[in-house]
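So the structure is just underneath, and the comments pick up after that.
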Amino acid sequence: MDLLFDLTVGLPLLPLRALVKIAEVIQDQAEMELHHPAAVRRQLEDLEEARRSGEISEEEERQAMTEILERMVTQPGLPRGAPAPYDGEEE
């Protein structure tokens with residue numbers, strides 16, 4: 001009886017569940033790229049170049065740099081400013 005119920009109710013929802021799973025994978029990938037050290041370094045280099053070329057002011061550079069660095073150290077799912085959990089490794 002449970003199989004019949006699963007087939008009649010669960011099967012029509014299968015495409016929706018797959019879509020949600022795909023969205024979760026895309027979100028995880030985007031967050032990983034956002035916090036990746038190479039991406040952060042590239043953003044900081046672009047910011048420095050924009051400052052040198054006069055596209056942005058020193059204050060704008062400082063504000064953008066602060067935002068980039070905060071985004072790097074803040075993990076998704078933690079409240080803003082909360083320390084990252086200790087993983088047992090020394091830096």
Side-chain angles (χ1 to χ4, degrees):
M1 189 70 161
D2 287 334
L3 179 62
L4 181 61
F5 179 77
D6 289 343
L7 287 175
T8 57
V9 175
L11 200 56
L13 295 178
L14 198 56
L16 181 60
R17 289 181 183 169
L19 183 63
V20 169
K21 185 63 178 171
I22 291 171
E24 289 172 351
V25 169
I26 291 172
Q27 180 180 3
D28 290 345
Q29 182 68 30
E31 287 178 358
M32 185 178 75
E33 289 179 13
L34 185 65
H35 292 84
H36 193 276
V40 172
R41 181 178 179 152
R42 201 168 32 251
Q43 291 171 350
L44 291 173
E45 289 171 352
D46 290 346
L47 194 59
E48 183 179 353
E49 181 61 33
R51 173 67 180 117
R52 272 194 244 141
S53 67
E55 294 176 31
I56 61 173
S57 68
E58 188 174 326
E59 179 61 32
E60 291 171 322
E61 178 188 25
R62 189 175 15 253
Q63 183 179 10
M65 186 180 300
T66 302
E67 290 173 6
I68 291 169
L69 294 175
E70 281 180 1
R71 190 174 60 228
M72 181 181 168
V73 297
T74 312
Q75 291 185 352
L78 292 177
R80 187 179 179 124
Y86 178 69
D87 63 1
E89 292 183 20
E90 292 292 323
E91 293 182 20

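- Taking CE from M65 and CD from Q43, the interatomic distance works out to 12.0 Å, rounded to the nearest 0.5 Å.
- By the neighbour-count criterion of 12 heavy atoms within 6.0 Å, atom CZ of R41 is sparsely surrounded, having that number or fewer from other residues, nucleotides or ligands.
- When the side chains of ILVMFWY residues are joined at heavy-atom separations under 4.5 Å, either directly or via intervening members, L69 and M32 end up in two distinct hydrophobic clusters.
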Salt bridge (charged side-chain N to carboxylate O under 4.0 Å, His left out) evaluation trace for E45 with R42: CA-CA 5 Å; E45 289 171 352; R42 201 168 32 251; over 6 Å; no

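- Between E67 and R71, none of the side-chain N atoms (NZ, or NE/NH1/NH2) sits under 4.0 Å from a carboxylate O, so this pair counts as no salt bridge.
- Note that the CD atom of E31 and the CD1 atom of I26 stand 12.5 Å from one another [nearest 0.5 Å].
- Between the side chains of E59 and Q63, no donor N or O sits under 3.5 Å from an acceptor N or O.
- Rounding to the nearest 0.5 Å gives a distance of 11.0 Å between CG of L47 and CZ of R52.
- Other residues, nucleotides and ligands place no more than 12 heavy atoms under 6.0 Å from the CD atom of E58.
- The two residues P12 and P15 come nearest to each other via the heavy atoms O-CD, 3.4 Å.
- The pair R51-E48 fails the salt-bridge criterion, with no side-chain N (NZ, NE, NH1 or NH2) lying under 4.0 Å from an Asp/Glu carboxylate O.
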